[in-house]
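What follows is a single structure, written as structure tokens, with notes after it.
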Amino acid sequence: MPELPEVETVRADLQGRITGRVITGGQFLWDRTAGRPAADPVALIRGVTGRRIEAVERRAKFLVLRLSGEAALVVHLRMTGRLRFREAAALPGKALRAAFMLDDGSELHFEDQRKFGRLYFTDGAVALDEVLARLGPEPLDEAFTRDTLRDLLRARRAQLKPLLLNQSFVAGLGNIYVDEALFRARLHPLRRSDSLEQDEIDRLHEGIVAALLQGISNRGTTLSDYRDAWGMTGKNKERLLVFRREGKPCTVCGKPITKIRVAQRGTHFCPTCQPLPK
DNA sequence: CCACAACCCTGAGGGC
DNA sequence: TGCCCTCAGGGTTGTG
């Protein structure tokens, strides 16, 4: 599941390779990959064709290809989406859902086994804001400080796990990095957000940032599906502290990691290091 | 605001 | 080998 570190890895790689290229055409192989509001594959292809890629940016888990004329091609990988750079004449993957031709003969392929991923074409800043609406702060931005997090947490009273998964609370975390961040912060996933002391909030801030930065420095976490723009796996799986490590010893105390279900999501933690205060 | 659940999807893995 | 069932989960939508 691509989260902020995985999307950031793809962004950085593509930025250096496709910036300056012109999109000369494209096609959809699975029409529902075109996301709302337009949800129109024909209009999307028509919209991007002839435009130059000015920059490759990221907002939360969205990739934003800035196109000439204030337009953008926005990509959300969801669960199994992959954005692959293909040299000319490379064979497409079997889950190819959309393809874009570039003016140097290369292609940008959107592959997605489970068809949850979405592509959006936006024409102008207003349309882009619509696609990126209701997103909370970027956790790696300078503006995301301990004080920011404290104010956000105290304005809510939800359990930490579902709250951190909520993209309108903080943007970019998913199931893997939430569990990792909570472990680093030594906080139980069911703790209420308004119950945290200042030192716990500081630890959570630190845990979020550290978990994400480690993910980026390892080029993302590949459990099974994630690949970077070159088709390579990320190396962060071996560095995970709790996620998918149920029954294995905690790296801090040696007791087994527990898995429970919270908000319909598998949730991994160490009951000893992350106790739930009564 | 918060909790819960269905939905969209397909492949992997378990049970028999 | 094969069939059925469950599970995996990001985000949206709807209900209470």
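Computed from a predicted model, the values in this text were never measured in an experiment. First the proteins, then the strands, lettered A, B, ... as listed; each starts at 1.
- Atom P of nucleotide B:dT10 and atom NZ of A:Lys94 are separated by 12 Å, given to the nearest angstrom.
- A salt bridge links A:Asp13 with A:Arg219: the closest approach of a Lys/Arg side-chain nitrogen to an acidic carboxylate oxygen falls below 4.0 angstrom.
- Judged purely by distance below 3.5 Å, without hydrogens or angles, the side chains of A:Arg265 and A:Asn175 never pair a donor atom with an acceptor atom.
- In this model, the phosphate group of C:dA8 is approached by a side-chain N or O of A:Arg261 to a distance below 4.0 Å at OP1 or OP2.
- Under the 4.0 Å criterion applied to side-chain N and carboxylate O atoms, A:Lys115 and A:Asp112 are not assigned as salt-bridge partners.
- In this structure, A:Phe62 and A:Tyr120 have tilted ring planes: the angle between them lies in the 30° to 60° band.
- At whole-Å resolution of the value, CZ in A:Arg32 and P in B:dC7 are 14 Å apart.
- Proximity of the aromatic rings of A:Phe116 and A:His76 is defined here by a centroid distance below 6.0 angstrom, and this criterion is not met.
- The side chain of A:Arg157 contributes no N or O atom lying less than 4.0 Å from OP1 or OP2 of B:dC1.
- Following rounding to the nearest Å, A:Asp112 (CG) and C:dG11 (P) show an atom-to-atom distance of 13 Å.
- Within 4.0 Å of A:Met79, counting heavy atoms only, lies at least one base atom of the nucleic acid.
- For C:dA8, neither phosphate oxygen OP1 nor OP2 lies less than 4.0 angstrom from any side-chain nitrogen or oxygen of A:Arg244.
- For A:Phe116 and C:dG10, the ring-to-base geometry satisfies the stacking test (centroid distance below 5.5 Å, interplanar angle below 30°).
- For A:Lys259, taking side-chain heavy atoms from C-beta onward, the closest of the listed nucleotides C:dA8, B:dC2, B:dC8 is C:dA8.
- Judged as a side chain to side chain donor-acceptor pair (under 3.5 Å), the pairs with a partner in residues 58-69 of chain A (not counting sequence neighbours) are, in order, A:Glu8-A:Arg58, A:Glu57-A:Arg66, A:Arg58-A:Glu138, A:Arg59-A:Glu138.
- Using a 4.0 Å heavy-atom cutoff across all strands shown, A:Phe243 reaches sugar-phosphate atoms only and no base atom.
- The stretch residues 159-172 of chain A comes close to DNA chain C through A:Gln167, each having a heavy atom under 4.0 Å from the strand.
- Nearest nucleotide to the side chain of A:Asn175, out of B:dC2, B:dG11, C:dG10: C:dG10.
- The distance from atom CZ of A:Arg134 to atom C1' of C:dT12 is 9 Å, rounded to the nearest whole Å.
- There is a path of hydrophobic side-chain contacts, each under 4.5 Å, that joins A:Phe121 to A:Leu14.
- Straight-line distance from the CG atom of A:Leu4 to the P atom of C:dG11: 11 Å, rounded to whole Å.
- For A:Glu200 and A:Arg191, the salt-bridge test passes: some basic side-chain N is under 4.0 Å from an acidic carboxylate O.
- Residue A:His76 has no polar side-chain atom (N or O) positioned under 4.0 Å from OP1 or OP2 of C:dG10.
- By the rule that hydrophobic residues join a cluster once side-chain heavy atoms approach within less than 4.5 Å of another member, A:Leu204 and A:Phe243 end up as members of one cluster.
- When the P atom of C:dT12 is taken as reference, atom CG of A:Leu132 falls 11 Å away, rounded to whole Å.
- For A:Arg118 against C:dG11, no side-chain N or O and base N or O form a donor-acceptor pair under 3.5 Å.
- In this structure, A:Glu6 does not pair ionically with A:Arg82, as no charged nitrogen and carboxylate oxygen lie closer than 4.0 Å.
- Distance CG (A:Leu223) to C1' (B:dG13): 16 Å, rounded to an integer number of Å.
- Summary for the helix from B:dC2-C:dG16 to B:dC16-C:dG2: the axes at its two ends, each from 5 pairs, differ by 50° when rounded to the nearest 10 degrees.
- Nearest nucleotide to the A:Gln264 side chain, out of B:dA5, C:dG10, B:dC2: B:dA5.
- The side chain of A:Lys115 lies closest to B:dC9, out of B:dA3, B:dC9, B:dC1.
- Rounded to whole Å, the distance from CZ on A:Arg82 to C1' on B:dG11 is 12 Å.
- Heavy-atom nearest nucleotides on DNA chain B were determined for A:Ala155 and for A:Arg78, and the one closer to the 5' end corresponds to A:Ala155.
- Checked for salt-bridge contact, A:Asp179 and A:Lys161 meet the test: a charged N lies under 4.0 Å from a carboxylate O.
- Residue A:Arg192 is classed as a sugar-phosphate contact, given heavy-atom separations below 4.0 Å to backbone atoms only.
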